[in-house]
A.B. asks: 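Structure below; questions to follow.
In what follows, every chain begins at residue 1, and chains take the letters A, B, ... in the order their sequences are listed.
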Number of protein chains: 2
Amino acid sequence: MSVPRGLYAIVDPDACRGRDALEVAAAILRGGAAMLQLRMKHGSDTARLELARALASACRAQGVPFIVDDRLDIALLAKADGVHVGQDDLPVALLSQQPLAAGLSLGVSTHTLDQVRIAEAEGAHLLGFGPVFPTRSKRDADDIVGLELLSEAASATELPVVAIGGLDAERAPLARDAGAAMVACISAICGADDPEASARAIHLAAGGEPC
Amino acid sequence: MSVPRGLYAIVDPDACRGRDALEVAAAILRGGAAMLQLRMKHGSDTARLELARALASACRAQGVPFIVDDRLDIALLAKADGVHVGQDDLPVALLSQQPLAAGLSLGVSTHTLDQVRIAEAEGAHLLGFGPVFPTRSKRDADDIVGLELLSEAASATELPVVAIGGLDAERAPLARDAGAAMVACISAICGADDPEASARAIHLAAGGEPC
């Protein structure tokens, strides 16, 4: 999978302010997104799989890679393009060696330069790095890394780095200039009054191709 | 996998009263268990996978089938013998058709005769049925089904039925007499002062072979 640039849209039903997550995602895709990830920490697996399959289908129709957060089984059952794991999730060192996960893009959340180097060595294909700015989406968030460390992270790896944490259309160019291939957003798009307009603004500000 | 009789031990770290879940499981296996399931609703996936792999290894050494609750990916990565799903989890109708899950024993929690018939038609290999008695292990538990409905459930399907809910050594023979192939316990073994003695008593009372 070639790595696109612009908005890495994270769709979290909890961040959609009561609106249907699939409709919010459709609006985001209309606005433009280089990649789309489903992040669903609550709800049943029946609902999780149903939403994942619907999002996979919507993304496929737009040629946008679809990623599932945390759950390898949901990613496989929904025929997603990849799975994204954090530092306490299924270990990328294991996934990258698993025939089961062959063909999936493996993303890893990193928060330090050591984690960046380790994830690359362990076979990750793409790295999240942050939180670059304070964020509303994650409680118990890690320490803010800032733009300078983002720049060091992007220089420390051959992998595409996705900046995450408190990003919006105003800050997206700063992350891009620091070397981020993409800019990940949750609240700034899912929680926006107009998710389509918000996605478009961030996608373009992050250096994405017009949709 | 032939279906054994006796105790279907469910190991839940939350029910182990602060003791190491792997040590509690080892004691249960010494006492005797026809099957062992990992049920872990909290904690990270790194911890979940680590415990699943350790339990898989301990069960294999005893020739006891090892099942993972809810998570197909953890079951596959830990090389478990099966996966167990509830009514809101990954659908058995899907799993039974999935090459991914081929070779895994598929268990389904059921609470009504309709659910029993549907799960069998959808390709389940084993059915949980309950709660037979009031239980401490599950909040928001379903309605108590009782021994009479357990007996009807066991008659309504060709599949082995595992009685669950409030079972202990005293009640295990009642479930066995009602047609249950096995008796599932969480608190009565994981929370026992002596999990080995408790497992042995229930396993034998449920009609299991001496270990």
A.B. asks: Which residue, Leu22(B), Leu38(B), Val24(B), forms the side-chain contact (heavy atoms from CB on, under 4.5 Å) with Pro13(B)?
C.D. replies: Leu38(B)
A.B. asks: Side chains of His42(B) and Asp14(B): donor-acceptor distance under 3.5 Å anywhere?
C.D. replies: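 Side-chain D/A pair, His42(B) to Asp14(B): present.
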A.B. asks: Mind listing the closest non-hydrogen atom pair of His203(B) and Arg5(B) along with its distance?
C.D. replies: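 Looking at all heavy atoms of both residues, the shortest contact is CE1-O, 3.4 Å.
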A.B. asks: Closest heavy-atom contact between Leu167(A) and Cys185(A)?
C.D. replies: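 Looking at all heavy atoms of both residues, the shortest contact is O-SG, 3.4 Å.
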A.B. asks: Heavy-atom pairs under 4.5 Å with chain B - which of Arg48(A), Arg53(A), Glu50(A) has more of them than the others?
C.D. replies: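 Top count of heavy-atom pairs under 4.5 Å with chain B: Arg53(A).
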A.B. asks: For Leu49(A), which atoms come within 4.5 Å of any heavy atom of chain B: side chain, backbone, both, or neither?
C.D. replies: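 Contact with chain B involves the side chain of Leu49(A) alone.
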A.B. asks: For the interface with chain A, which of Asp45(B), Leu76(B), Asp73(B) has the highest count of heavy-atom pairs at distances below 4.5 Å?
C.D. replies: Asp73(B)
A.B. asks: Shortest non-hydrogen contact from Ala172(B) to Val183(B)?
C.D. replies: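 Shortest heavy-atom contact: O-CG2, 4.0 Å.
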A.B. asks: Could you tell me which portion of Gln87(A) (side chain, backbone, both or neither) has an atom closer than 4.5 angstrom to a non-hydrogen atom of chain B?
C.D. replies: backbone
A.B. asks: Which one, Leu72(B), Val85(B), Asp88(B), leads in non-hydrogen pairs under 4.5 Å with chain A?
C.D. replies: Asp88(B)
A.B. asks: Can you tell me which portion of Leu90(B) sits under 4.5 Å from chain A's heavy atoms? Options are side chain, backbone, both or neither.
C.D. replies: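 Answer is both: backbone and side chain atoms of Leu90(B) are under 4.5 Å from chain A.
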